[in-house]
Asker: 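After the structure tokens below, expect a handful of questions from me.
Each chain gets a letter, A, B and so on, in the order the sequences are listed, and its residues count up from 1. What you see is a predicted model, and the numbers here were worked out from it, not measured in a lab.
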Amino acid sequence: MTDFARHEHHEFQAASKLALVDVPLQVALGRLTTTLLAGNRRGFAELPESDGLRSHAKRIKEHTLAHLDQYLEQLEASIQRVGGQVHWAADAAAAQAIVKEIAFANGVKKVVKSKSMTSEEIHLNAALEADGMEVVETDFGEFIIQLAGERPSHLVAPAVHHTRESIARVLSEKLGMELPDDPVILARAGRRVLREHFRTADMGISGANFAVAETGTIVLITNEGNGRLTTTWPRVHVAIMGMEKVIPRLADLPVFLKLLARAATGQPLSVYTSILTGPRHDEDVDGPDEMHLIILDNGRSSILGTPFRESLQCIRCGACLNACPVYRRIGGHAYGGTYSGPIGSILTPLYDSVKENPHLPHASSLCGACLAACPVKINIPQMLIGLREVQHHEQPSHGESLAYRTWATLLRMPWLYRFALRLARPWLRWRAKDGWRSTMPGPSGGWTASRDFPAPARRSFQELWKRGL
Amino acid sequence: MSDERATFLDSVRHAVTLGNQAGRVAPHPGPWHGYRMRTEGDLAAVFAERCAIVGGQCHRVRDGAEALDVVDRLLKERKARRIVIGQGPYVDALDLPSALRGANRQWCTVAGGPELEELAESPHKAALFAADVGITGVDWLVAEAGSIALLSSPGQARSLSLLPPIHVAVAHRSQLLADLFDLFDILCRLGHNPDLIPGLPACVNLITGPSKTGDIELKLVTGVHGPAEVHVVLIDQD
């Protein structure tokens, strides 16, 4: 199928093993996810009735997805009314072509970009650079990643896999100046270089956190202010948005604003929330002359009609990543897709293919921490189980079927069950250490390859009961 | 062009129908009637406290004369030379450029108008990019999060609160709102009626503290793109 969700079809387990022995990565991941997860819990705890607000947000998303075609049409009409332009992109290639067309029409040479996972998804930078345009990522983390020639490893902290030393090295080399590993000095150097790009860019490209159908409003949320700079002086603003980001009413927006930053970092609001309605008015001093919104499908409509529709409620806060015991150990790159963590384990197989991503639905202990952290209560564990079911239907395993049929037969015949257990118990206890078996022969080895099997007790409960305990 | 639109919307419509067969056509839950922050006591004190939590500084002053003193002190301490200033009800009344004239201070009042149709020829761009301090009014303050709400207009350029390393906002206690929902009640009245003049402005910015990044080992650094300092001069009386 399409290749957009994954940058390379790599081996999940091999990549995870590498991540587990990468000491700086482990330190950085521990620090990031622990801090952000604590922020998430504090953020929800400090807001009275936050649980009710999360349910309210979920109901808005459910309603929107059940009427998505109508809201998209309403959004288009509203944006046109306020002087903006709307473009429809079925896939990555179409979206790239639209951006290029707008750029050519405006003689664009330099593009500044504020952080956008959607543009990562469609590989926009490479496409524009191939046509001779200079593309500058302006979120500080993304800027580092771009200079290093890498890709983001966390939804809201793209450069988490870097240390201050490696960032100093990258910036010193690429900016041609000797910089110490002091975060303040590094950030100041970034500000200076990027400010000049903001001053001279012809086009600003952003994502969109939300788009309001009723008013034609696009909402950008950043902590650094690069979203604002991207939409203040460049003559043309192009926002690229996955079609599920539309919300019906302006009154719905504060519901999500209150939840998004709290879920992501524990802040009551991110530093900058820009609520953009059309291009600048004639008498305004700054703001873009032209505003374009590209609405992207890129596989979303094929999810919309399935039981996995709920995954389209995601507002990309990153909370499930921080909460996930698997993400916290292996980081974002191991997942191999644009979106990582629990939500990535759903989106990547759905956008890409279930068959090509066999390990992702299993990269979870189904502990439910992601669901507890999610501001819109997406039932991620349930969908991971659903994907495992899809896998089973797509590629039924005969061995597994036989095992379950045998199990079912045993359970229906108590005498046989007891007999089988009596045989199995000594065998399972054999070579067990501290009550666990780490290796098993034959097909059972699949289980113990990545986890231990609990050894049974010497005697069953029934036996003990018969002997009067 | 229109073909792509039709195909796009057709596939969405098809998927929506398919998905809704499972009986999951949820009604819109309507407006939120749950918790909103309500303060019986001193809203200004709540704002000042929350503003400090997010890294801003709120200077509560009695009147215009005290506000002038605070701004003068800020400019002196920061050795500000180039100052850009916008227009707004409470900031105009102070007439800062005349009141705080100084040999080393260049004041530039940034205001749009009908002559500004071509952005590229904007006379203000260089001044805004070079400024040490930007001074604005505010439209509302949201106590819940310690936020400033600024609506773009010819007298209130987006850059004033964005490009200079220091942002000073002059506000009055009558502009205080308790909860974020209160702000959106007002914005919705602008947005609901497209024929209403002025309607929604091209840009509403909610500013909650100074510009921040944690991209280097999660160490908090302020001022990476926007201002490193945000000051709210909050006037108590008229």
Asker: Check this for me: does any side-chain nitrogen of one of Lys61(A) and Glu310(A) sit under 4.0 Å from a carboxylate oxygen of the other?
Answerer: no

Asker: Non-hydrogen atoms of chain B under 4.5 Å away: do they reach the side chain of Met291(A), the backbone, both or neither?
Answerer: neither

Asker: Start with the C-alpha distance between Asn223(A) and Gln267(A), add both sets of side-chain angles, then the distance that settles side chain to side chain donor-acceptor pair (under 3.5 Å), and finish with yes or no.
Answerer: CA-CA 10 Å; Asn223(A) 273 322; Gln267(A) 293 167 279; 3.0 Å; yes

Asker: Would you mind checking which part of Leu72(A) comes under 4.5 Å of any heavy atom in chain B, side chain (CB onward), backbone (N, CA, C, O), both or neither?
Answerer: side chain

Asker: Give, as side chain, backbone, both or neither, the part of Ala89(A) having an atom under 4.5 angstrom from any heavy atom of chain B.
Answerer: backbone

Asker: Please state whether the side chain, the backbone, both or neither of Leu218(B) comes within less than 4.5 Å of a heavy atom of chain A.
Answerer: side chain

Asker: Among the options Leu257(A), Leu53(A), Leu220(A), Leu47(A), pick out the one with the most heavy-atom pairs lying under 4.5 Å from chain B.
Answerer: Leu53(A)

Asker: What part of Arg199(A) lies closer than 4.5 angstrom to a heavy atom of chain B: side chain, backbone, both or neither?
Answerer: both

Asker: Hey, does the side chain of Asp132(B) reach the backbone of Arg82(B) with a donor-acceptor pair shorter than 3.5 angstrom?
Answerer: yes

Asker: Counting only heavy atoms closer than 4.5 Å, note whether Pro29(B) contacts chain A via side chain, backbone, both or neither.
Answerer: both

Asker: Between Asp252(A) and chain B, which part of the residue has a heavy atom less than 4.5 Å away: side chain, backbone, both or neither?
Answerer: side chain

Asker: Given that the side chain runs from C-beta out, which part of Pro183(A) has a heavy atom under 4.5 Å from chain B: side chain, backbone, both or neither?
Answerer: both

Asker: Any donor and acceptor pair, going by atom type alone, linking the side chain of Arg280(A) with main-chain N or O of Asp289(A) inside 3.5 Å?
Answerer: no

Asker: Any chance the rings of His63(A) and Tyr71(A) have centres within less than 6.0 Å?
Answerer: yes

Asker: Flag the one option from Asp185(B), Ile216(B), Thr222(B), Ile207(B) with the top tally of heavy-atom pairs under 4.5 Å to chain A.
Answerer: Ile216(B)

Asker: Where on Ala187(A) is there a heavy atom nearer than 4.5 Å to chain B: the side chain, the backbone, both, or neither?
Answerer: both

Asker: Only pairs of heavy atoms separated by less than 4.5 Å count here; which of Arg228(A), Glu49(A), His154(A), Arg164(A) has the most with chain B?
Answerer: Arg228(A)

Asker: Just so I understand: if I count every heavy-atom pair under 4.5 Å between each of Thr273(A), Thr163(A), Ile295(A), Leu186(A) and chain B, which residue has the most?
Answerer: Thr273(A)

Asker: Tell me, out of Leu229(A), Leu68(A), Thr222(A), Val27(A), who's got the most heavy-atom pairs with chain B below 4.5 Å.
Answerer: Leu229(A)

Asker: Measure the spacing between OG of Ser152(B) and CG of Leu276(A) and express it to the nearest 0.5 Å.
Answerer: 8.5 Å

Asker: Can you tell me which of Val224(B), Leu18(B), Val221(B) forms the most heavy-atom pairs within a distance under 4.5 Å of chain A?
Answerer: Val224(B)

Asker: Should Thr136(B) and His167(B) be marked as a side chain to side chain donor-acceptor pair (under 3.5 Å) after you check the CA-CA gap, both sets of side-chain angles, and the distance that decides it?
Answerer: CA-CA 8 Å; Thr136(B) 66; His167(B) 173 209; 2.9 Å; yes

Asker: Could you tell me which of Arg59(A), His56(A), His162(A) has the largest number of non-hydrogen atom pairs under 4.5 Å with chain B?
Answerer: His56(A)

Asker: Rounded to the nearest 0.5 Å, how far does OG1 of Thr232(A) lie from CG of Leu162(B)?
Answerer: 5.0 Å

Asker: Give, as side chain, backbone, both or neither, the part of Lys219(B) having an atom under 4.5 angstrom from any heavy atom of chain A.
Answerer: side chain

Asker: Do Gln85(A) and His87(A) have side-chain N/O donor and acceptor atoms under 3.5 Å apart?
Answerer: no

Asker: Under 3.5 Å, side chain of Asp182(A) to main-chain N/O of Val184(A), donor-acceptor pair present?
Answerer: yes

Asker: Looking only at heavy atoms and a cut-off of under 4.5 Å, which of Gly155(B), Ala149(B), Gly146(B), Gly223(B) has the most pairs with chain A?
Answerer: Gly223(B)

Asker: Answer whether the closest heavy-atom distance between the side chains of Asp139(A) and Ser114(A) falls below 4.5 Å.
Answerer: no

Asker: Heavy-atom distances under 4.5 Å only: say whether Asp179(B) touches chain A with side chain, backbone, both or neither.
Answerer: side chain

Asker: Need one label for Leu312(A): side chain, backbone, both or neither, based on atoms under 4.5 Å from any heavy atom in chain B.
Answerer: neither

Asker: Non-hydrogen atoms of chain A under 4.5 Å away: do they reach the side chain of Val16(B), the backbone, both or neither?
Answerer: both

Asker: Among Glu217(B), His14(B), Arg36(B), which residue forms the greatest number of heavy-atom pairs with chain A at distances under 4.5 Å?
Answerer: Glu217(B)

Asker: Hey, which of Asn205(B), Thr17(B), Ile148(B), Leu151(B) has the most heavy atom pairs under 4.5 Å with chain A?
Answerer: Asn205(B)

Asker: Does a donor on one side chain and an acceptor on the other come within less than 3.5 Å for Trp233(A) and Thr200(A)?
Answerer: no

Asker: Heavy-atom distances under 4.5 Å only: say whether Pro227(B) touches chain A with side chain, backbone, both or neither.
Answerer: both

Asker: Which one, Pro154(B), Gly34(B), Ser153(B), Gly55(B), leads in non-hydrogen pairs under 4.5 Å with chain A?
Answerer: Pro154(B)

Asker: Begin from the C-alpha positions of Ser147(B) and Thr208(B) and carry the test side chain to side chain donor-acceptor pair (under 3.5 Å) through to its verdict.
Answerer: CA-CA 4 Å; Ser147(B) 310; Thr208(B) 310; 2.8 Å; yes

Asker: Any chance the side chains of Arg158(B) and Ser274(A) put a donor and an acceptor closer than 3.5 Å?
Answerer: no

Asker: Check step by step if salt bridge (charged side-chain N to carboxylate O under 4.0 Å, His left out) holds for Arg13(B) and Asp10(B).
Answerer: CA-CA 5 Å; Arg13(B) 208 167 287 128; Asp10(B) 275 349; 3.1 Å; yes

Asker: Considering only NZ, NE, NH1 and NH2 on the basic side and carboxylate oxygens on the acidic side, decide whether Glu73(A) and Arg5(B) come within less than 4.0 Å.
Answerer: yes

Asker: Could you look at Leu128(B) and say if it's the side chain, the backbone, both or neither that has a heavy atom under 4.5 Å from chain A?
Answerer: side chain

Asker: Checking Ser11(B) against chain A: side chain, backbone, both or neither under 4.5 Å from a heavy atom?
Answerer: both

Asker: Does any backbone or side-chain atom of Ser166(A) lie under 4.5 Å from a heavy atom of chain B? Answer side chain, backbone, both or neither.
Answerer: neither

Asker: Could Lys115(A) and Phe140(A) be counted as a cation-pi pair, given that NZ or CZ must be under 6.0 Å from the ring centre and within 45° of the axis?
Answerer: no

Asker: Examine whether an atom of Glu76(A) lies under 4.5 Å from a heavy atom of chain B, and if so say whether it belongs to the side chain, the backbone or both; otherwise answer neither.
Answerer: side chain

Asker: Identify which of Arg192(A), His67(A), Glu224(A), Glu142(A) forms the greatest number of heavy-atom pairs closer than 4.5 Å to chain B.
Answerer: Glu224(A)

